[in-house]
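First the structure, in the form of structure tokens, and then the observations on it.
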Amino acid sequence: MTLLALESSVLAMAGVEAAHPIYEAFGAQVRERRTALRLTQQELAGRIELTRGSVANIEAGRQSVLLHQFLAIASALQLKPVELLPVVKEQPTIGEQTHMPDSVLDAVKAIRKSVGSRLPSRS
Amino acid sequence: MTALRPRYARIEELADNLLREARVGNAPVPIEEIVRGQGIVIRSMDLKDISGLVVRDGNTTVIGINQKHPITRRRFTLAHELAHALLHEGKEVRYDMDFRVDFRSGVSSLGVDVEEMEANFFAASILMPWRFLEAEPVVAGLDLEDAAAAVKILSTRYKVSPHAMSIRLGNLGARASAFSGSKRLA
């Protein structure tokens, strides 16, 4: 087998390693909705043809989710897929920003100090 | 000026040029050396909820990296910030918060910043260059059962997270299919 199969094989290895933080957020959302609907993990698992263990792993963010599973979960939880979709928060560009978080201001100050900046620090 | 869509070809070329200039021929890529080679100062520091930032101060460019993050993450952040420093000029301070997700129901909020996509693609390109990966026996002879093992071996060798490596290898698979023009395996 060659590289051609690699893409799908990489997808198939879902859950092998500690997942991306997005899965934790997704999992928490699934759990919240499931408990709100008073479903057990077993019951949800039955509706989406996964094992209870997989549902537990998904909720804990330990398992990546394939697209068809994502759609099945949304449907089982009576949500539109988009309502279950984790969204990456857009960061406004600096030019548009009226204000930077304190952690950024502190870091900028520390950096300017460490490189011996002669420019006045801006507030 | 912000590009409308990620300039993938240009970014890969830039990463490749930097590797050749620094005479890097194998993994792990010495990303700190490459960054310093560009005259950029690196500061490892307590950044709280920021993973990295670029500060331009007169003629000096400094990249700050969150020292609390694991080495694989710090390397990726450093490469990511290098992309901002080289490709996205003009901003005096540019920072990247820790990955954040939230759940909203509006499709309009789905956009991901083009510059972020470019910076991530650059980081992957320079830390996991195609020509290095294509020469890996474990990649050339890969089969389905071995994918997880290959990701593990390669992520260790390239000093990147398994997550980053699996995405890169997935793209390599897609690229190989596109180049060969053969039918994709189901």
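Numbers restart at 1 for each chain; the letters A, B, ... are given by sequence-line order, proteins then strands. All values derive from a computational prediction rather than experimental measurement.
Smallest separation of non-hydrogen atoms from A/Ala107 and B/Met45: O-CE, 3.7 Å. Residues B/Arg56 and A/Arg112 approach most closely at O-NH2, 4.2 Å, considering heavy atoms. When all heavy atoms of A/Ser103 and B/Asp49 are compared, the pair lying nearest together is OG-OD1, 2.6 Å.
Applying the 6.0 Å contact sphere to CZ of B/Arg131 captures more than 12 heavy atoms from other residues, nucleotides or ligands. B/Gln38 CD: more than 12 foreign heavy atoms inside a 6.0 Å radius.
The side-chain heavy atoms of B/Lys48 and A/Asp102, taken from C-beta on, include no pair separated by under 4.5 Å. Side-chain contact check for A/Val115 versus B/Val55: every heavy-atom pair is 4.5 Å or farther apart. Residues A/Pro101 and B/Tyr95 meet the side-chain proximity criterion, which asks for heavy atoms closer than 4.5 Å.
The hydrophobic clustering, which links ILVMFWY residues whose side-chain heavy atoms are closer than 4.5 Å, places B/Ile71 and B/Leu82 apart.
B/Ile50 CD1 to A/Asp106 CG: the interatomic distance, rounded to the nearest 0.5 Å, is 8.0 Å.
The contact between B/Leu53 and chain A is made entirely by side chain atoms (from C-beta outward), counting heavy-atom distances below 4.5 Å.
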